[in-house]
Amino acid sequence: MEYLWLGFAVWLGFTAQAVTGFGSMVIAVSLGSLMFSIPSLLPILVPLNIFMTGGMAWRLRRQTDWSLLTTMILPLMILGMGAGIWLLDSLPPTWLKTGFALLVLWFSSRELLKLYRRQQIAARPDWWQRLWMFFAGIAQGLYGSGGPLLVYGISSRQLDKATFRATLVSVWFVLNSLYSVVMLIQGRVQPVALTILACLPVLYLAVKMGDWLHHRVDERQFKLGICLLLIFSALAMLVG
């Protein structure tokens, strides 16, 4: 049952990422952590993310904001991710789970409020955006999921839907490739290699469905459903 649940978490998370450009890890880790510890999930989910985002990053490369990606997001997030990886072995599992639940609860509640109000995001200074990019890197190292904080950091840039999606996909491909190399060196990926291979068909279906949904469903309604699911998952983590 645990691995069936993991397959469902992978399918839903990666379908969401194919639709919006982010969400695979925050959803998969949120749901997966109801059955597994966060440190045991990362060697499975982080390499899986490479298989998805690699093809998408290449296909969407012409829509990527390369200046934003290479001069701001990647340098700051790589630095923060190094700090997060170091902290991962220092923090108790219960702290990690509670911290992630609070992060997910904050992000999903904020997104719900934005959807309800349909509000425009006020412009933010560069230093403010850079600070949140660094924090997003820390979250990436701790949870493999810096998406919520990165989205918060760059939301005031008013990127169009296609550029936003393409740029975020490239971010996750680069960061998760680096993270996977680190975990390979640590010997954390090799014991779960068969689990990763077993999840690849699920990943393929998620990419196909997500790409189909991206062009056909109302993104606002889709985000609404995902936010509600994340809130329930975060509350379950906090009481579990």
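Counting heavy atoms from C-beta on, the side chains of Ser180 and Val189 never come closer than 4.5 Å. Contact check for Val151 versus Leu168: side-chain heavy atoms found under the 4.5 Å cut-off. Within the 4.5 Å cutoff, the side chain of Met77 has no heavy atoms near those of the Phe134 side chain. By the 4.5 Å heavy-atom criterion applied to side chains, Met183 and Tyr179 are counted as neighbours. Between Gln186 and Ile85 the shortest side-chain heavy-atom distance falls below 4.5 Å. Side-chain contact check for Phe100 versus Val26: some heavy-atom pair is nearer than 4.5 Å.
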*asked:* One pair to check against side chain to side chain contact (heavy atoms under 4.5 Å, CB included): Val104 and Val29. What are the steps and the verdict?
replied: CA-CA 10 Å; Val104 170; Val29 174; over 6 Å; no
*Residues Gln63, Thr167; criterion side chain to side chain contact (heavy atoms under 4.5 Å, CB included); working and verdict*: CA-CA 8 Å; Gln63 298 167 314; Thr167 304; over 6 Å; no
*Would you please test Tyr204 and Phe14 for ring pair (Phe, Tyr, Trp, His ring centres under 6.0 Å) and show each step?*
CA-CA 9 Å; Tyr204 176 80; Phe14 284 89; over 10 Å; no
*Mind running side chain to side chain contact (heavy atoms under 4.5 Å, CB included) on Met81 and Leu76 for me, showing each step along the way?*
CA-CA 9 Å; Met81 188 172 73; Leu76 290 164; over 6 Å; no
*Evaluate the criterion side chain to side chain contact (heavy atoms under 4.5 Å, CB included) for residue pair Leu238 and Leu102; output intermediate values, then yes/no.*
CA-CA 8 Å; Leu238 288 172; Leu102 292 174; 4.3 Å; yes
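Smallest separation of non-hydrogen atoms from Ala136 and Leu150: CB-N, 3.5 Å. The shortest non-hydrogen separation linking Pro148 to Leu103 is CB-CD1, 4.5 Å. When all heavy atoms are compared, the tightest approach of Leu41 to Gly32 is CD1-C, 3.5 Å. The shortest heavy-atom contact between Ser108 and Leu230 is CB-CB, 3.8 Å. Across all non-hydrogen atoms, the minimal contact from Gly187 to Pro191 is O-CD, 3.4 Å. Of all the heavy atoms in Arg130 and Thr71, the pair that sits closest is NH1-O, 4.1 Å.
Here the CG-CE distance, from Leu200 to Met52, works out to 13.0 Å after rounding to the nearest 0.5 Å. The OG1 atom of Thr195 lies 5.0 Å from the CD1 atom of Ile44; values are rounded to the nearest 0.5 Å. For the atom pair CD1 (Ile154) and CG (Leu149), the distance works out to 12.0 Å, reported to the nearest 0.5 Å. Distance CD1/Ile50 to OG1/Thr53: 7.0 Å, rounded to 0.5 Å. Note that the OG1 atom of Thr64 and the CZ atom of Phe164 stand 12.5 Å from one another [nearest 0.5 Å]. Expressed to the nearest 0.5 Å, how far CG of Leu42 lies from CG of Leu88 amounts to 6.5 Å.
With hydrophobic clusters built from ILVMFWY side chains whose heavy atoms lie under 4.5 angstrom apart, Leu74 shares a cluster with Leu79. The hydrophobic clustering, which links ILVMFWY residues whose side-chain heavy atoms are closer than 4.5 Å, places Leu175 and Leu87 together. Grouping the Ile, Leu, Val, Met, Phe, Trp and Tyr side chains by contacts below 4.5 angstrom, directly or via other members, places Leu4 apart from Phe36. Hydrophobic clustering (side-chain heavy atoms under 4.5 Å, transitive across Ile, Leu, Val, Met, Phe, Trp, Tyr) groups Leu34 together with Met25. In terms of hydrophobic clustering, with Ile, Leu, Val, Met, Phe, Trp and Tyr side chains grouped at heavy-atom distances under 4.5 Å, Val10 and Leu205 are assigned to different clusters.
Remark: side-chain polar atoms of Thr163 are not paired, donor with acceptor, to backbone N or O of Asp160 under 3.5 angstrom. Here the side chain of Trp5 pairs a donor or acceptor atom with the backbone of Leu31 at under 3.5 angstrom. A donor-acceptor pair is defined here as one N or O able to donate and one able to accept, closer than 3.5 Å; no such pair exists between the side chain of Trp11 and the backbone of Leu6. Looking at Tyr143, its side chain never comes within 3.5 Å of a backbone N or O of Ile38 through a donor-acceptor pair.
Aromatic ring orientation, Trp106 versus Trp132: parallel (interplanar angle below 30°, classes split at 30° and 60°).
A 6.0 Å sphere centred on CG of Leu194 holds no more than 12 heavy atoms belonging to other residues, nucleotides or ligands. Enclosure of atom CE in Met209 is not indicated, since only 12 or fewer non-hydrogen atoms of other residues, nucleotides or ligands lie within 6.0 angstrom.
The six-membered or imidazole ring of Phe51 lies away from that of Phe173, with a centre-to-centre distance of 6.0 Å or more. Tyr152 has its ring centre less than 6.0 Å from the ring centre of Trp128.
For Ser37 and Ser40, the side-chain atoms include at least one donor-acceptor pair closer than 3.5 Å. Gln140 and Asn176 form a side-chain donor-acceptor contact under 3.5 Å, judged by distance and modelled atom types alone.
Look at Asp126 and Arg157 and you find a salt bridge, because one of the NZ, NE, NH1 or NH2 atoms lies within 4.0 Å of a carboxylate O, short of that distance.
Grouping Ile, Leu, Val, Met, Phe, Trp and Tyr residues whose side-chain heavy atoms lie under 4.5 Å apart, directly or via other members, places Ile185 in a hydrophobic cluster with Val181. Cluster partners of Trp58 are absent, since no Ile, Leu, Val, Met, Phe, Trp or Tyr has side-chain heavy atoms less than 4.5 Å from it.
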